[in-house]
Structure formats: C-alpha cells, structure tokens
Amino acid sequence: MIEGLKDIASGQATPLSVVSPESWENWLKNRDDAEKAWFTANRFQAEPGTSCAVPKPGGGIACVVAGIAPQRRLWDWAAVAASLPDGDYRLDIEPDAAEATRAALAWALHAHRDNRFRTSNGSSPAALAWPEACDRAAVENAAEATALVRSLISTPANLMGPAELAAAAENLGAAFNARTRVIAGENLLSANYPSIHAVGAGADPRRAPRLIDMVWGEADAPRVTLVGKGVCFDTGGLDIKPASAMKLMKKDMGGAANVLGLARMIMGATLPVRLRVLIPAVENSVSNGAMRPLDVIRTRLGKTIEIGHTDAEGRVILADALTEAAWDEPELIIDCATLTGAARVALGPDLPALFCNDEQVAEAAIRSAADQDDPLWRMPLWEPYGKSVEGRQADLTNAPESGAIGAGYAGAITAALFLQRFVEPKRPWIHIDMMAWNLVSRPGRPEGGEAMGMRALFDVVSRRFPAA
C-alpha cells in the first residue's frame with residue numbers, strides 16, 4: 001500500500017477544493033454568502049501552503065479549501081498535502097490524467113515517513129482518495145522506488161555497510177527475477193577490479209569491498225547499464241575528514257541507492273531493455289591497510305592512478321565499474337554519485353549536476369528533468385581542463401594539483417573528466433553528481449536521504465526504449 005493514498009468511497013472522505021490565489025476571486029463568486037463570510041473571517045486568500053475548513057450548518061466539516069501555486073507542479077501539490085489536518089480527503093473536481101498523476105505522486109512522497117528507529121510513529125499525514133484519472137501504476141512505481149532510495153541512504157552506516165548494500169540489491173533483484181552476482185574481498189583482485197579493492201582494503205574484513213552486478217531483461221534487448229557509487233561510509237581515509245564533514249557520510253552511497261531506485265522503476269515498468277546495474281560498494285576507512293597519499297594503483301582498464309588525496313575515492317572505484325559497464329557495449333550508460341563538494345558549491349544541494357558526452361541524450365535528459373519536476377543542470381565536459389587529471393608518476397591523478405588549472409578549481413568538471421577516461425568516446429554516457437540528501441524538511445521532501453534525478457532518468461530511458 002502506498003502511504004498517503006487510499007481507496008476511499010466518496011461519502012467517506014472530505015471534499016477538497018484546490019484553488020490558486022490568481023483564481024480565488026472567480027472561484028469565490030460561486031460560493032454562498034455564508035461561505036464568503038467564513039473565508040473573510042478566517043482571512044483566507046488561497047495562499048499556497050494554507051487551507052481552510054468550511055463547517056456544515058449543523059456541525060462537522062462540509063469541505064476544505066487549500067491554496068496552491070498557479071503552476072500546480074509536483075511540490076505545489078505536496079504543499080497542499082502538508083497544509084491539511086489529519087483525515088481522508090477527495091478532490092472535488094477531478095483533474096486531467098497528467099495532473100491527477102502529479103497530485104497523487106506528490107501526496108505519496110509527502111506521506112512517506114521513515115520511522116524505523118523511533119519508538120513512536122507519530123501522527124499520520126492526511127490521506128487522499130486515489131484520483132480516478134491518475135496513472136496509478138506509474139505513481140506506485142515512482143513512490144516505491146523513492147521510498148527505497150530514501151530508506152537505503154538514511155540507514156545508519158553501522159547497519160548499511162557493503163554487505164548490507166549487496167543484500168539490498170539481491171533482494172531487489174529477487175523481487176523482479178534478476179540475477180545478482182557479488183564479488184567480494186580478495187576475489188576482486190583475481191577478477192581484476194584492483195581499484196575497488198584498493199579503496200576498500202582499509203576496512204574491517206566484515207565490511208570488505210564488493211562489486212555488485214545485477215542483470216535483468218532479455219539478452220537480446222537493447223542494453224542499458226547503471227553504475228552507482230557505493231561508499232557506505234567515508235572517513236576520508238588517511239587524509240581524514242574533519243568531524244563536520246564526516247557527519248553525513250553515511251549518504252556517500254547515495255549514487256548506489258539512486259541507481260537501485262532507477263532499476264526498480266525500469267523493472268517495475270517492464271521496459272524492453274537488458275538492464276545491468278554495477279555498484280562498487282566499499283567503506284573508506286582509516287587503518288594500516290588503507291591506501292596512502294601518492295600510492296599508485298592499477299585499474300581494470302590498465303590505466304594507473306596516483307592517489308593525490310585519499311578522500312577523492314569515489315572516482316577511483318567508479319573507474320573499474322565504468323570500465324566494466326562499457327565492456328559489453330550498452331546503448332546507454334548512466335552513473336550516479338555523491339562525487340564532489342564542488343558540484344554543491346556551484347549548484348547547491350537540490351540541483352544535481354549533469355555531464356553527458358552526447359548532445360541528443362543530454363537535451364533529452366534536461367527536457368525530462370523539467371517534465372518530471374526532477375531538476376538537473378548540465379555542466380560541461382570542458383576538455384581544456386583535462387590536463388589537470390594527468391598524474392605526475394601515473395597516468396591519472398584522483399586529485400588535480402596542476403595542469404590547465406590549479407587545485408581547488410572546477411572540481412566537478414575535473415572529476416567528470418577523470419571518469420570519462422574510463423568510458424568509450426562513442427558510448428552515450430550520463431554522469432550525475434548529486435547531493436542525495438535533503439538538509440531540511442519541506443513538503444514532499446523530508447530531511448534525510450533523497451532520490452535526485454531518478455524520475456528524470458527513468459523518463460529518459462522509457463522514452464528511448466518505450467514499453468510495448
């Protein structure tokens with residue numbers, strides 16, 4: 001059952017009118033004098049985020065009126081849900097299919113609560129009767145995928161290490177008859193995933209590094225491969241983070257969580273693709289086994305990486321995963337990662353950075369982001385900065401210090417250029433650098449782990465490979 005949405009008989013739910021401030025005066029003209037006086041007494045003007053209950057003459061509530069922003073976008077509907085007291089509601093005027101779907105999804109996203117670690121669940125949010133015109137299957141698919149992403153990211157690191165992340169992927173795969181293989185510990189070396197092993201080598205053996213490899217769909221279907229950064233906790237390694245920067249590092253597997261959510265949407269919609277999900281899952285720890293500054297490590301591709309900084313570990317594990325992703329020549333590669341603070345400095349916490357090596361794919365992603373109220377902002381793969389990722393003693397460095405630009409500049413771009421060295425030039429590739437976390441709670445977006453760009457990316461894949 002999707003939280004916040006119910007199958008409710010019309011007589012058992014309070015009618016809900018949703019009005020924007022711009023249409024308020026026209027809407028009010030059709031109400032009787034008693035209702036007009038009531039709204040005036042309550043100083044209600046249909047401002048977004050406000051609501052007003054209208055009493056029945058004999059007692060009880062006749063209806064509730066809620067304000068909404070005129071654009072009536074996804075989060076505007078979430079603000080409507082947030083403005084209402086507990087209870088069951090039904091829309092008094094059925095919107096068209098697109099808006100009904102948007103309203104239902106917003107309600108579900110707002111109603112989602114992660115109370116796993118509380119002794120009390122608190123109050124229940126307002127519930128909405130399923131709008132008749134909405135695409136119920138699409139709402140359920142997106143809501144369940146979002147709940148999965150949020151839950152994985154928000155799980156404390158003591159309960160979400162590489163083994164637990166692998167188990168979550170295996171459980172998801174089993175639900176959709178996918179095949180999941182996990183290569184762990186020293187087996188990564190024999191299987192030629194040396195950079196994943198190097199980053200995770202400092203962790204306790206119980207939290208040994210892993211490569212999670214899930215495959216779903218018909219073998220002869222178009223191939224789509226998803227790659228997610230799965231750093232289950234990031235101390236920074238020997239170049240240790242300060243406490244303030246380490247506090248949220250349970251979210252450093254947010255890229256992995258987002259690709260699992262995207263995979264869940266693709267499988268839930270039975271898109272006609274051969275889906276592959278690759279997640280390098282590690283813990284970047286401090287120990288005598290941890291990689292050291294200026295260590296040189298090899299990669300699956302054969303290129304060598306000089307470790308300029310042990311806290312730039314995400315791109316190192318993605319190097320092996322992207323190499324494997326490109327091996328069987330998929331028609332599209334998408335990677336998601338909580339990769340750089342530089343992207344957050346440039347775009348803030350809510351706006352993931354999109355890098356793409358294909359103009360048509362990039363344009364499709366930006367259109368889908370706008371259509372789905374799931375923002376992405378394109379940033380350039382500016383090759384003149386590429387010299388900065390060249391190493392002094394090795395082929396590449398994971399922390400640019402010299403070259404076309406100095407250290408500390410264009411960090412999101414140079415990280416993307418580093419990853420591009422492991423993707424075939426002609427292979428369409430999307431890289432998303434995301435926060436994967438809501439710093440504060442807002443309607444539909446509770447504080448904690450978050451799916452960012454997932455619905456937009458699903459729209460890209462579903463338009464490129466539509467279901468029959």
Side-chain angles (χ1 to χ4, degrees), residues 192-193 195 211 213 215-229 255 259 262-263 266 271-280 298-305 314-337 339 352-369 376-390 395-396 398 404 410 412-433 453 456-466:
N192 192 26
Y193 294 100
S195 69
L211 177 69
D213 187 350
V215 177
W216 172 88
E218 299 297 329
D220 59 351
R223 298 184 177 195
V224 174
T225 299
L226 313 179
V227 179
K229 174 187 170 185
V259 300
L262 177 54
I266 290 170
L271 296 187
V273 298
R274 186 269 201 181
L275 175 68
R276 192 179 188 192
V277 180
L278 293 165
I279 296 173
R298 294 193 176 275
T299 67
R300 185 172 182 80
L301 188 61
K303 292 181 183 291
T304 54
I305 301 172
R315 67 200 72 183
V316 178
I317 63 172
L318 288 172
D320 276 359
L322 285 170
T323 299
E324 177 60 22
W327 173 78
D328 57 357
E329 301 182 344
E331 294 191 24
L332 179 63
I333 297 173
I334 299 172
D335 84 72
C336 296
L339 201 63
L354 163 73
F355 295 86
C356 186
N357 64 352
D358 184 290
E359 290 300 315
Q360 290 185 337
V361 172
E363 290 172 5
I366 295 301
R367 284 195 303 270
S368 290
L376 298 169
W377 192 268
R378 191 178 184 189
M379 294 183 71
L381 288 163
W382 186 247
E383 191 52 46
Y385 293 163
K387 195 168 182 61
S388 296
V389 302
E390 294 178 4
D395 297 321
L396 300 168
N398 73 331
I413 296 174
T414 56
L417 290 171
F418 178 98
L419 296 182
Q420 191 178 28
R421 288 350 190 219
F422 298 91
V423 179
E424 293 179 5
K426 296 182 180 180
R427 189 70 44 206
W429 165 62
I430 294 173
H431 163 55
I432 306 294
D433 189 337
L457 294 171
F458 172 74
D459 195 59
V460 170
V461 177
S462 62
R463 289 177 183 273
R464 193 177 178 96
F465 310 105

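A quick note: this is a predicted structure, and the numbers were derived from the prediction, not measured.
- With values rounded to the nearest 0.5 angstrom, Phe355 atom CZ is found 8.0 Å from Leu417 atom CG.
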Report task. I would like to know whether Trp429 and Asp335 meet side chain to side chain contact (heavy atoms under 4.5 Å, CB included); could you show each step before the answer? Result -> CA-CA 8 Å; Trp429 165 62; Asp335 84 72; 2.8 Å; yes

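- Of all heavy-atom pairs between Ala369 and Ala456, the closest is CA-CB, 3.7 Å.
- Crowding of Arg298 atom CZ: a count of heavy atoms from other residues, nucleotides or ligands under 6.0 Å not exceeding 12.
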Please report, to 0.1 Å, the donor-acceptor pairs under 3.5 Å made by any side chain of residues 215-222, with sequence neighbours excluded.
| residue | atom | partner | partner atom | Å |
| --- | --- | --- | --- | --- |
| Trp216 | NE1 | Phe176 | O | 3.2 |

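- Remark: Arg378 pairs with Glu359 by the salt bridge (Lys or Arg N to Asp or Glu O under 4.0 Å) rule, at least two apart or across chains.
- With rounding to the nearest 0.5 Å, the separation of CD in Glu390 from CG in Asp395 is 9.5 Å.
- Between Val316 and Phe418 the shortest heavy-atom distance is N-CE2, 4.4 Å.
- Residues Ile413 and Pro380 form a side-chain contact, since some pair of their non-hydrogen atoms from C-beta on lies under 4.5 Å apart.
- Note that CG of Asp358 is 8.5 Å distant from CD1 of Ile430, once rounded to the nearest 0.5 Å.
- In this structure, the salt bridge (Lys or Arg N to Asp or Glu O under 4.0 Å) partners of Glu383, at least two apart in sequence or on a different chain, are Arg421.
- Qualifying salt bridge (Lys or Arg N to Asp or Glu O under 4.0 Å) partners for Asp213, counting only residues two or more places apart in sequence or in other chains: Arg181, Arg276.
- In this structure, Tyr385 and Trp382 have perpendicular ring planes: the angle between them is above 60°, well past the 30° mark.
- The CE atom of Met379 sits 14.5 Å away from atom SG of Cys356, with the distance rounded to the nearest 0.5 Å.
- Every residue two or more places apart in sequence or in another chain that forms a side-chain contact (heavy atoms from CB on, under 4.5 Å) with Ala364 is listed here: Arg367.
- Residues satisfying the side-chain contact (heavy atoms from CB on, under 4.5 Å) criterion with Ala263, sequence neighbours excluded, are Leu226, Met267, Leu275, Val277.
- Checked by atom type and distance alone, the side chain of Arg315 pairs as donor or acceptor with a backbone atom of Asn398 at under 3.5 Å.
- Taking the side chain as every heavy atom from C-beta outward, Leu376 and Pro352 approach each other to under 4.5 Å.
- Under a 3.5 Å cut-off, the side chain of Asp433 and the backbone N or O of Ala353 do not form any donor-acceptor pair.
- Side-chain contact between Ile266 and Phe458 is present, with heavy atoms from C-beta onward closer than 4.5 Å.
- Going from atom CG of Leu332 over to atom CZ of Arg427 covers 10.0 Å, rounded to the nearest 0.5 Å.
- Judged by distance alone, with hydrogens and angles left aside, the side-chain atoms of Arg223 form no donor-acceptor pair with the main-chain N or O of Glu329 at under 3.5 Å.
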Query raised in the report: Between Asp320 and Thr299, does a side chain to side chain donor-acceptor pair (under 3.5 Å) hold up when you go through it step by step?
Result: CA-CA 6 Å; Asp320 276 359; Thr299 67; 4.6 Å; no

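- Checking Thr414, Leu318, Leu381 one by one against Leu419, the side chain to side chain contact (heavy atoms under 4.5 Å, CB included) holds for a single residue, Leu318.
- Under the 3.5 Å distance criterion, the side-chain polar atoms of Thr225 are left unmatched by any main-chain donor or acceptor of Ile333.
- Taking 4.5 Å as the limit, every side-chain heavy atom of Arg300 sits out of range of all side-chain heavy atoms of Phe422.
- Lys229 and Gly314 get closest at one heavy-atom pair: CE-CA, 3.6 Å.
- Here the straight-line distance linking atom CZ of Arg464 with atom CG of Leu271 works out to 13.0 Å at 0.5 Å rounding.
- When all heavy atoms of Ala325 and Pro330 are compared, the closest pair comes out as O-CD, 3.2 Å.
- You'll find the side chain of Ile334 reaches within 4.5 Å of the side chain of Val461, heavy atoms only.
- The shortest side-chain heavy-atom distance between Leu457 and Cys336 falls under the 4.5 Å cut-off.
- Tested against Val259 for a side chain to side chain contact (heavy atoms under 4.5 Å, CB included), the candidates Ile279, Leu278, Val227 yield a single pass: Ile279.
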